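Here it is, the structure in full.
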2 protein chains.
Amino acid sequence: MKKDNKPAASPREVFKRIGLRATPQRLEIYEILNEIDGHPASEDIYERVRKRFPSISFDTVYRTLSQFEKHGLIKKVHHLADKTRYDTNMMHHHHFVCVRCKKIIDFTWEELDRVPMPEGVSQWGSVEDRYVELRGICRDCLKEGKE
Amino acid sequence: MKKDNKPAASPREVFKRIGLRATPQRLEIYEILNEIDGHPASEDIYERVRKRFPSISFDTVYRTLSQFEKHGLIKKVHHLADKTRYDTNMMHHHHFVCVRCKKIIDFTWEELDRVPMPEGVSQWGSVEDRYVELRGICRDCLKEGKE
DNA sequence: TTCATAATTAAGAATATATCCTATCTAAAA
DNA sequence: TTTTAGATAGGATATATTCTTAATTATGAA
């Protein structure tokens with residue numbers, strides 16, 4: 001979706017490149033994602049597609065969003081959203097998260113903790129915690145990928 | 001749970017302080033949280049409590065974990081775990097998240113992006129993204145709290 | 001243009017996670 | 001002890017997501 005400067009490719013070109021058919025439903029979802037503000041849940045998209053495709057199913061929306069995410073057109077805000085996970089370590093720390101197997105590794109990063117807050121944050125509200133997530137592929141998953 | 005130096009208070013003292021009864025189920029869950037490694041889901045806890053309380057219900061586990069979280073004994077790894085939310089902004093950016101209303105505000109933070117990776121990260125795996133989440137209460141929710 | 005085919009879809013069933021309801025029980029204060 | 005607000009078990013319910021299947025359709029090849 002929204003990418004800097006780059007000349008905007010047409011939806012059909014994008015779909016062709018990643019090997020997805022240009023169905024009307026898919027084109028509509030693509031367009032909505034380009035228009036919509038904020039960080040929509042699947043249901044938000046579903047509600048909007050239904051205006052033009054009243055009989056579209058939840059499944060189509062979910063599937064399409066997953067495909068788009070898989071091909072890097074959109075991202076999930078969080079990678080561990082399937083179920084609630086608790087942290088029993090109450091000391092300030094950050095996480096390395098494997099986006100493949102969801103493994104989490106705790107670590108501290110004092111140098112980063114010391115960076116002063118960016119401009120304008122205070123006008124959004126009060127900040128109570130600064131959390132960093134390093135996202136990547138863990139050692140185990142890297143090995144698997146090679147085998 | 002795991003807190004630095006501080007002299008470990010007994011579970012009963014902790015419960016007294018926050019106004020929760022010291023029931024056997026609750027004591028057991030507390031103990032499990034202190035023993036368990038990693039970042040358990042509710043179901044992980046449920047499976048372990050069942051070894052000593054075979055008839056305990058999911059509800060008790062969920063309720064207890066929520067209470068513990070509310071009183072700051074444990075934390076959720078993520079605050080938006082109820083449903084998947086997508087990000088259509090594919091430019092590198094970070095988030096301010098209101099832990100009360102779940103509002104998300106995008107922002108960039110170049111100074112933070114420049115901080116060199118901490119020691120030892122490379123041995124965990126390959127890092128592909130550095131994501132920062134500033135967690136707090138947004139302006140709107142702060143106002144509501146006062147009214 | 002027509003055709004063949006694999007991809008896609010709608011619809012509803014199925015699954016997974018989380019919460020609610022209510023009768024019963026119990027920890028803890030008096 | 002007795003009292004009672006808080007806690008629990010178990011089942012029902014809600015919500016989010018994925019699966020199954022039969023029908024449809026976009027796309028490349030003829």
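Remember, predicted model here, so these are calculated numbers, not experimental data. By convention in this document, chain letters (A, B, ...) are assigned in the order of the sequence lines, proteins followed by strands, and residues within each chain are numbered from 1.
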| task | Calculate the interatomic distance between B:His71 atom NE2 and D:dG6 atom P; express it in whole Å. | result |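 Between P of D:dG6 and NE2 of B:His71: 12 Å.
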
| field | Between D:dT25 (C1') and A:Leu27 (CG): distance, integer Å | value |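 In whole Å, D:dT25 C1' lies 13 Å from A:Leu27 CG.
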
| field | B:Glu13/B:Lys16 salt bridge by N-O under 4.0 Å criterion | value |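 Between B:Glu13 and B:Lys16 there is no salt bridge, as every charged N stays at least 4.0 Å from the carboxylate O atoms.
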
| Length of the line joining A:Leu65:CG and C:dT9:P, which is rounded to integer Å |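 Rounding to the nearest Å, CG of A:Leu65 and P of C:dT9 are 12 Å apart.
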
| Between B:Arg26 (CZ) and C:dT26 (P), how many Å, whole number? |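 Checked: the CZ to P distance equals 15 Å.
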
| task | Between A:Ala81 and B:Gly19, name the one whose nearest nucleotide on DNA chain D is closer to the 5' end. | result |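 Taking each residue's closest nucleotide, the earlier one in sequence belongs to B:Gly19.
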
| Is any NZ, NE, NH1 or NH2 atom of the basic residue among B:Arg100 and B:Glu144 found under 4.0 Å from an Asp or Glu carboxylate oxygen of the other? |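 Answer for the salt bridge query: no.
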
Mind listing the N/O atom pairs, protein and nucleotides 15-17 of chain C, below 3.5 Å?
from, atom 1, to, atom 2, distance (Å)
C:dT17, OP1, A:Lys83, NZ, 3.1

| query | How many Å lie between OH on B:Tyr86 and C1' on D:dA16, as a whole number? | reply |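 These atoms are roughly 12 Å apart.
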
| task | Please state how far atom CD in A:Gln67 lies from atom C1' in C:dT8, giving the value in whole angstrom units. | result |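 Taking atom C1' of C:dT8 as the reference, CD of A:Gln67 is at 9 Å.
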
| field | Between D:dA16 (P) and B:Arg85 (CZ): distance, integer Å | value |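 About 12 Å, once rounded to whole Å.
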
For nucleotides 9-11 of chain D, which of its nitrogen or oxygen atoms have a protein nitrogen or oxygen under 3.5 Å away, and what is each distance?
from, atom 1, to, atom 2, distance (Å)
D:dA9, OP1, B:Gln25, NE2, 3.4
D:dA9, OP2, B:Ser57, N, 3.4
D:dA9, OP2, B:Thr60, OG1, 2.6
D:dG10, OP2, B:Ser55, O, 2.7

| message | Please report the distance, rounded to the nearest Å, between NE2 in B:His78 and C1' in D:dA16. | response |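 Value for this atom pair: 18 Å.
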
| task | Give a yes/no answer on whether the side chain of B:Lys16 brings an N or O atom under 4.0 Å of OP1 or OP2 in C:dA29. | result |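 Answer is yes, contact under 4.0 Å.
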
| A:Ile45 and A:Ile36, any side-chain heavy atoms less than 4.5 Å apart |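 Yes. Closest side-chain heavy atoms under 4.5 Å.
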
| query | Taking a hydrophobic cluster as the set of Ile, Leu, Val, Met, Phe, Trp and Tyr residues connected by side-chain heavy atoms closer than 4.5 Å, whether directly or through intermediates, do A:Val132 and A:Val121 fall within one such cluster? | reply |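 Yes; tracing contacts between hydrophobic side chains, which count when under 4.5 Å, links both residues.
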
| message | Between the opening five pairs and the closing five pairs of the helix from C:dT1-D:dA30 to C:dA30-D:dT1, how far apart are the helix axes, to 10°? | response |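 End-to-end axis angle: 40°.
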
| At under 4.0 Å between heavy atoms, what does A:Ala22 touch on the DNA or RNA strands: base, sugar-phosphate, or nothing? |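 The answer is sugar-phosphate, as A:Ala22 gets under 4.0 Å only of primed atoms, P, OP1 or OP2.
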
| request: May I ask you to verify whether the side chain of A:Arg21 and the base of D:dT25 hold a donor-acceptor pair under 3.5 Å? | output: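 Yes, a donor-acceptor pair under 3.5 Å.
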
| query | Can you check whether A:Tyr46 and A:Phe53 have ring centres sitting under 6.0 Å from each other? | reply |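 No, ring centres 6.0 Å or more apart.
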
| request: Determine whether A:His39 and B:Leu80 make a side-chain contact, defined as any pair of heavy atoms from C-beta on separated by less than 4.5 Å. | output: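 Not in contact.
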
| message | When you measure from the side-chain N and O atoms of B:Thr23 to the phosphate of D:dT8, is any distance below 4.0 Å, counting only OP1 and OP2? | response |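 Looking at the OP1 and OP2 atoms of D:dT8, one of them is under 4.0 Å from a side-chain N or O of B:Thr23.
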
| task | Would you name the heavy atoms of A:Thr60 and A:Ile29 that are closest together and state the gap between them? | result |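 So the two residues come closest at O-CD1, 4.5 Å.
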
| query | So which one's nearest nucleotide on DNA chain C is more toward 5', B:Ala41 or A:Pro24? | reply |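 It is A:Pro24 whose nearest nucleotide is closer to the 5' end.
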
| message | Do A:Glu28 and A:Ile56 have side chains that approach each other closer than 4.5 Å (heavy atoms only, starting at C-beta)? | response |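 A:Glu28 vs A:Ile56: side chains apart.
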
| query | Heavy atoms, side chains only, cut-off 4.5 Å: are A:Glu133 and B:His78 in contact? | reply |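 A:Glu133 reaches B:His78 side chain to side chain.
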
| task | Determine whether the aromatic ring centres of B:Tyr30 and B:Phe15 lie less than 6.0 Å apart. | result |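 Here the rings of B:Phe15 and B:Tyr30 have centres that are less than 6.0 Å from each other.
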
| query | Does the side chain of B:Arg12 get closer than 4.0 angstrom to OP1 or OP2 of C:dA27 through an N or O atom? | reply |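 Answer is no, no contact under 4.0 Å.
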
| message | Here's a test for you: under side chain to side chain contact (heavy atoms under 4.5 Å, CB included), which of A:His94, A:His93, A:His92, A:Arg114 qualifies with A:Trp109? | response |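 For A:Trp109, the side chain to side chain contact (heavy atoms under 4.5 Å, CB included) test succeeds with only one of A:His94, A:His93, A:His92, A:Arg114, which is A:His94.
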
| Shared hydrophobic cluster for A:Val97 and B:Val77 (ILVMFWY, side-chain gaps under 4.5 Å) |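 Same hydrophobic cluster.
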
